[in-house]
K.L.:
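Below are the structure tokens for one structure; questions will follow.
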Protein chains: 2
Amino acid sequence: MTETEIIEKIRAKGFKITPQRRAIINALVTADKPPVAKDVHREVRNKYPSVSLDTVYRNLNLLAEIGCLVKYNLKNSEKSRFEILKHHHHYHHHLICLGCGEAVCLEKCLLDMHTDVLKNKGYKIVGHAFEIYGYCPSCCNAVENKDGKK
Amino acid sequence: MTETEIIEKIRAKGFKITPQRRAIINALVTADKPPVAKDVHREVRNKYPSVSLDTVYRNLNLLAEIGCLVKYNLKNSEKSRFEILKHHHHYHHHLICLGCGEAVCLEKCLLDMHTDVLKNKGYKIVGHAFEIYGYCPSCCNAVENKDGKK
DNA sequence: CCTCCAAATAGGAACGTTCTTATTTACTAC
DNA sequence: GTAGTAAATAAGAACGTTCCTATTTGGAGG
């Protein structure tokens with residue numbers, strides 16, 4: 001997803017385009033790897049020194065809610081990372097070592113993983129979590145426009 | 001898993017049995033639903049009023065590391081819940097509403113979900129995360145005893 | 001161009017969780 | 001039993017993230 005597409009989507013949902021918001025989006029699309037909030041904050045401060053960390057978080061979460069990026073925690077309660085959605089690849093699978101915390105990102109999708117990938121990584125699997133995000137029936141009606149927000 | 005089995009496992013891994021630890025385990029196995037850390041803390045303080053929250057967290061994380069319970073966050077960065085492993089059901093699947101935050105625990109396993117469950121819940125799915133926990137090849141060697149710890 | 005209002009912001013407080021440090025305690029071997 | 005040692009503890013500081021409040025600002029409509 002390009003910077004322009006993201007800005008268009010924000011506008012379409014009825015949110016405003018602020019200089020801080022632009023700078024945050026720019027930091028995200030130009031990052032080499034999914035940054036943590038502080039990376040984005042540091043980057044944005046180069047241009048706007050008074051931007052608050054809260055503003056960064058608010059915008060990262062907004063972008064996640066409208067489906068422009070995915071937010072994920074590699075290990076339980078480590079810092080969150082924020083990755084702009086390229087193509088339409090909503091899946092995000094990780095193979096995480098409980099010993100050292102190292103995470104391997106898996107490019108393949110769910111079902112393939114079970115058959116191929118897991119066998120070949122040499123990991124000893126002790127558990128997994130699979131969570132699905134969406135809108136429940138009663139929220140679905142209110143979701144089309146900005147009402148999807150909390 | 002019973003209280004006795006858990007204590008045996010702790011001993012087998014070379015960790016010590018303290019009164020606080022016993023009380024924490026007891027609070028976990030007698031809870032009706034997976035508690036958050038504060039629930040456990042409140043419960044344990046009835047017996048040992050000076051137990052610190054840190055001690056509760058340290059023990060909950062230890063129990064997760066040795067595979068006696070699962071720790072999970074329903075929505076991104078909500079509080080963690082801690083569930084004693086009954087049977088050998090390592091799977092933990094949730095259907096989470098991005099609108100209201102309500103979570104439905106799914107009893108069925110991964111593959112079934114795709115075919116049956118998702119269709120019938122009336123949720124509009126916008127994404128999911130699937131994370132696998134285990135030990136990487138280089139950690140596997142050091143895992144048999146307490147070296148599996150950080 | 002002005003006005004107006006919802007949305008966005010900065011700053012700091014609050015929350016959940018982990019870390020640090022100094023002290024105490026459970027187990028082991030004598 | 002006693003001594004020695006690694007592990008566990010309490011207390012509070014620190015960290016990542018969210019919330020609260022008062023102020024400012026983007027953009028729609030006159």
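So that the names make sense, note that chain A is the first sequence line, chain B the second, and so on, each numbered from 1.
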K.L.:
Over how many whole Å does the gap from D54(B) atom CG to dA13(D) atom P extend?
P.N.:
14 Å
K.L.:
Just the rounded figure in Å: distance from P of dG16(C) to CZ of R42(B).
P.N.:
11 Å
K.L.:
Indicate whether OP1 or OP2 belonging to dT17(D) is found under 4.0 Å from a side-chain N or O atom of N61(A).
P.N.:
no
K.L.:
Any sub-3.5 Å donor-acceptor pair from H41(A)'s side-chain atoms to Y57(A)'s backbone N or O?
P.N.:
no
K.L.:
To the nearest Å, how far apart are R11(B) CZ and dT28(C) P?
P.N.:
9 Å
K.L.:
Hey, does Q20(B) have a side-chain heavy atom less than 4.5 Å from the side chain of V44(B)?
P.N.:
no
K.L.:
dT28(C) P sits how many Å from I17(B) CD1, rounded?
P.N.:
11 Å
K.L.:
Looking at every strand, decide which applies to P49(A) at a 4.0 Å heavy-atom threshold: base, sugar-phosphate, or nothing.
P.N.:
nothing
K.L.:
In terms of side-chain heavy atoms of K16(A), which of dA10(D), dT9(C), dA6(C) is nearest?
P.N.:
dA6(C)
K.L.:
Ignoring the backbone of Y57(A), work out which of dA10(C), dA8(D), dG16(D) is nearest its side chain.
P.N.:
dG16(D)
K.L.:
Heavy atoms only, 4.0 Å cut-off, all strands: where does L53(B) land among base, sugar-phosphate and nothing?
P.N.:
base
K.L.:
To the nearest 0.5 Å, what is the distance between CD1 on I66(B) and CG on N61(B)?
P.N.:
11.5 Å
K.L.:
Kindly compute the distance separating CG (D54(B)) from CG (N59(B)), expressed to the nearest 0.5 Å.
P.N.:
9.5 Å
K.L.:
Using the side-chain heavy atoms of S52(B), tell me which of these nucleotides is nearest: dA10(D), dG11(C), dG16(C).
P.N.:
dA10(D)
K.L.:
Take the protein atom CZ of F15(B) and the nucleotide atom C1' of dT28(C), then report the distance between them rounded to whole Å.
P.N.:
17 Å
K.L.:
Whole Å only: how far is the OH atom of Y48(A) from the C1' atom of dA8(C)?
P.N.:
14 Å
K.L.:
Using the C1' atoms of five pairs at each end, what's the angle between the two axes of the helix from dC1(C)-dG30(D) to dC30(C)-dG1(D), to 10 degrees?
P.N.:
30°
K.L.:
Side chain of A37(B) only, heavy atoms from C-beta on: which candidate in dC27(C), dT17(D), dT17(C) is closest?
P.N.:
dT17(C)
K.L.:
Please state whether the phosphate of dT9(D), meaning OP1 or OP2, lies under 4.0 angstrom from any side-chain nitrogen or oxygen of S50(B).
P.N.:
no
K.L.:
Going by heavy atoms in the side chains, are R22(A) and I17(A) under 4.5 Å from each other?
P.N.:
yes
K.L.:
Assign each of V36(A) and T18(B) to its nearest nucleotide of DNA chain D by heavy atoms, then name whichever residue's nucleotide is nearer the 5' end.
P.N.:
T18(B)
K.L.:
Answer yes or no: does a side-chain N or O of Q20(A) lie under 4.0 Å from OP1 or OP2 of dA10(C)?
P.N.:
yes
K.L.:
Heavy atoms under 4.0 Å, any strand shown: does R21(B) hit a base, just sugar-phosphate, or nothing?
P.N.:
sugar-phosphate
K.L.:
Rounded to whole angstroms, how far apart are CG on L62(A) and C1' on dC19(D)?
P.N.:
17 Å
K.L.:
Categorize V51(A) for me: base, sugar-phosphate, or nothing, with a 4.0 angstrom heavy-atom threshold over every strand shown.
P.N.:
sugar-phosphate
K.L.:
Shortest non-hydrogen contact from P35(A) to L28(A)?
P.N.:
CG-CD2, 3.9 Å
K.L.:
I'd like to know if the side chain of K9(B) reaches the main chain of C68(B), judged simply by a donor and an acceptor atom lying under 3.5 Å from each other, with no hydrogens or angles considered.
P.N.:
no
K.L.:
Is a side-chain N or O of R21(A) found less than 3.5 angstrom from the main chain of K16(A), in a donor-acceptor match?
P.N.:
yes
K.L.:
Measuring to OP1 and OP2 of dA10(C), would you say a side-chain N or O of T55(A) lies under 4.0 angstrom away?
P.N.:
yes
K.L.:
Between R58(B) (CZ) and dA11(D) (C1'), how many Å, whole number?
P.N.:
12 Å
